[in-house]
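Keep in mind that this is a model prediction, so the values were computed, not measured. Numbers here simply count residues along the sequence, with the first being 1.
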Amino acid sequence: MKKFFELTNKYIVLATPLILFSLLSSIYMAVMLQGKNPIGVVFALIILFLMSMVFIAGWGQMVKSAVKDESPDNPNMIIKGFASGVGEYFLPACGFVILAGVINFLFFGFLLALGMHFIGDAGINMAELSRAMANQTALKAFLVGLSAEQLVKINLWNMLIMSGMIIISFLMFFYIPSLFFSTKNPFKGLYISIRYIFSKNFFNVLGLFLLIFIANFIVSLSSAIFAGNMVTNFVMTLVNFYFICWVSVAVFYYYDRHTAKFLIGNNVDTYI
């Protein structure tokens with residue numbers, strides 16, 4: 001874990017493209033939502049998708065350079081790899097997002113069918129729930145008006161959805177780094193990443209995943225607690241950006257250091 005922090009602190013320039021992309025995409029989405037022309041909205045969504053692919057490809061290359069420690073004398077130089085990363089990994093990034101989207105759609109569709117069969121409909125008006133979530137007082141009043149059976153079903157649905165999110169996140173834990181280190185084929189990358197997770201290294205991978213999961217819970221909880229104050233909210237925003245960099249470095253570093261021997265001799269385009 002110490003190495004993760006060392007590399008993140010050394011290559012803190014990783015946060016620069018992340019902050020810029022977050023800012024630009026937020027502004028772009030705010031402007032996009034003002035449009036009322038359906039064709040214009042679709043076109044804007046396509047542009048946003050392409051922007052996101054450019055970021056994933058370029059930033060992924062920067063993270064890869066950081067974990068390889070390619071610029072020990074001048075860490076800021078890894079930012080030059082952003083453009084080359086876009087050229088090399090743009091199509092793999094597109095394939096990853098599309099394939100991951102399809103898998104998530106099918107997986108949560110299965111969970112929905114499973115939930116409806118074993119839990120059943122909670123009988124909640126989604127429009128009323130949406131209005132109630134506007135403020136804490138309205139939400140409390142909405143929940144008080146529900147029956148005990150409805151509350152039980154809501155809790156069961158929450159448990160099912162949370163469990164599903166954890167499972168799918170774990171299965172795709174090494175999906176992105178596999179595209180930067182092992183193969184540019186999104187299908188092969190998914191196969192390699194899942195195959196490695198369920199190898200003899202399963203418990204080591206599970207340990208890293210749980211560490212990141214718990215850290216994410218703490219950071220998210222802290223962000224919610226300190227959201228009311230402008231200064232603390234700004235500090236927690238910076239913490240969140242640092243945390244994203246740290247997680248990316250940790251996952252890429254672990255994949256790079258532990259999968260090379262595992263992949264030797266397999267019929268895949270392996271990075272050694």
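- Within the structure, no pair that satisfies the ring-ring contact (aromatic ring centres under 6.0 Å, His included) test touches residues 98-120, not counting sequence neighbours.
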Please step through side chain to side chain contact (heavy atoms under 4.5 Å, CB included) for the pair Phe49 and Cys94, ending with a clear verdict. CA-CA 9 Å; Phe49 172 80; Cys94 291; 4.2 Å; yes
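- No side-chain heavy atom of Pro17 sits under 4.5 Å from any side-chain heavy atom of Phe21.
- For the residue pair Asp69 / Tyr11, a side-chain donor-acceptor distance below 3.5 Å is found, with atom types taken as modelled.
- Residues Asn201 and Ser199 bring a donor and an acceptor atom of their side chains to less than 3.5 Å of each other.
- Within the model, atoms CD1 of Ile119 and CG of Leu112 stand 10.0 Å from one another, a figure rounded to the nearest 0.5 Å.
- Using a 4.5 Å heavy-atom threshold, the side chains of Tyr28 and Leu24 count as separate.
- Ile167 has its side chain within reach of Leu171: a pair of non-hydrogen atoms, C-beta onward, lies under 4.5 Å apart.
- In this structure, Phe226 and Met236 approach most closely via the heavy-atom pair CB-CG, 4.0 Å.
- When side chains are defined from C-beta on, Leu14 counts as touching Val63, because their heavy atoms get closer than 4.5 Å.
- Side-chain atoms of Asn233 do not come within 3.5 Å of backbone N or O of Asn229 as any donor-acceptor pair.
- Taking 4.5 Å as the limit, some side-chain heavy atom of Ile103 sits within range of a side-chain heavy atom of Leu190.
- Aromatic rings of Tyr254 and Phe174 (six-membered ring for Trp) have centroids within the 6.0 Å cut-off, being under it.
- Phe203 and Ile166 fall within a single hydrophobic cluster, where Ile, Leu, Val, Met, Phe, Trp and Tyr side chains are chained together by heavy-atom contacts under 4.5 Å.
- Taking the side chain as every heavy atom from C-beta outward, Phe209 and Ser169 approach each other to under 4.5 Å.
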Worked verdict on Phe198 versus Val205 for side chain to side chain contact (heavy atoms under 4.5 Å, CB included): CA-CA 9 Å; Phe198 291 100; Val205 174; over 6 Å; no
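- Listed here is the closest heavy atom pair of Thr183 and Lys188: CG2-CB, 3.7 Å.
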Are Ser223 and Asn240 close enough, and set up right, to give a side chain to side chain contact (heavy atoms under 4.5 Å, CB included), and what steps lead you there? CA-CA 8 Å; Ser223 297; Asn240 274 279; 2.8 Å; yes
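- Both Ile161 and Met116 belong to a common hydrophobic cluster when Ile, Leu, Val, Met, Phe, Trp and Tyr are linked at side-chain heavy-atom distances under 4.5 angstrom.
- One distance of note links CG of Leu48 with CE of Met53; it measures 8.5 Å at 0.5 Å rounding.
- Judged by distance alone, the side chain of Gln150 and the main-chain N or O of Ser147 form a donor-acceptor pair under 3.5 Å.
- Closest approach of Tyr253 to Val67, counting heavy atoms only: N-CG1, 3.7 Å.
- With ring centers used as reference points, Trp246 lies under 6.0 Å from Phe5.
- A distance of 5.5 Å separates CE in Met162 from CE in Met165, rounded to the nearest 0.5 Å.
- Annotation: the span from Ile176 atom CD1 to Ile56 atom CD1 amounts to 6.0 Å, rounded to 0.5 Å.
- Ring orientation note: the planes of Phe252 and Phe180 are tilted relative to one another, at an angle of 30° to 60°.
- Atoms OG and CG, from Ser193 and Leu179 in turn, are 8.0 Å apart once rounded to the nearest 0.5 Å.
- Aromatic rings of Phe202 and Phe170 (six-membered ring for Trp) have centroids within the 6.0 Å cut-off, being under it.
- Here Lys10 does not pair with Glu6 in a salt bridge; the nearest charged N to carboxylate O distance is not below 4.0 Å.
- Here the closest heavy-atom approach between residue Leu160 and residue Gly115 is recorded as CD2-CA, 3.6 Å.
- Between Glu70 and Lys64 no salt bridge is recorded (no basic side-chain N to carboxylate O distance below 4.0 Å).
- Linking Ile, Leu, Val, Met, Phe, Trp and Tyr whenever their side-chain heavy atoms come within less than 4.5 Å leaves Leu20 and Met62 in two separate clusters.
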How far apart are the C-alpha atoms of Tyr255 and Ser178, what are their side-chain angles, what is the distance that settles it, and do they pass the side chain to side chain contact (heavy atoms under 4.5 Å, CB included) test? CA-CA 8 Å; Tyr255 186 91; Ser178 72; 3.4 Å; yes
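- Here the closest heavy-atom approach between residue Pro186 and residue Pro92 is recorded as CG-O, 4.1 Å.
- Taken together through direct or relayed side-chain contacts under 4.5 Å among Ile, Leu, Val, Met, Phe, Trp and Tyr, Ile192 and Phe187 form part of one hydrophobic cluster.
- Atom CG of Leu221 is separated from atom CG of Asn216 by 11.0 Å, given to the nearest 0.5 angstrom.
- The shortest distance between side-chain heavy atoms of Trp59 and Cys245 falls below 4.5 Å.
- Looking at Lys184 and Leu91, their side chains never come closer than 4.5 Å, going by heavy atoms from C-beta outward.
- Remark: Met51 CE is packed, more than 12 non-hydrogen atoms of other residues, nucleotides or ligands lying under 6.0 Å away.
- A donor-acceptor contact under 3.5 angstrom links the side chains of Asn9 and Tyr242, judged on distance only.
- Across Val249 and Phe4, no two heavy atoms sit closer than the pair CG1-O, 4.0 Å.
- One hydrophobic cluster, built from ILVMFWY side chains closer than 4.5 Å, cannot hold both Phe234 and Ile19; they sit in different ones.
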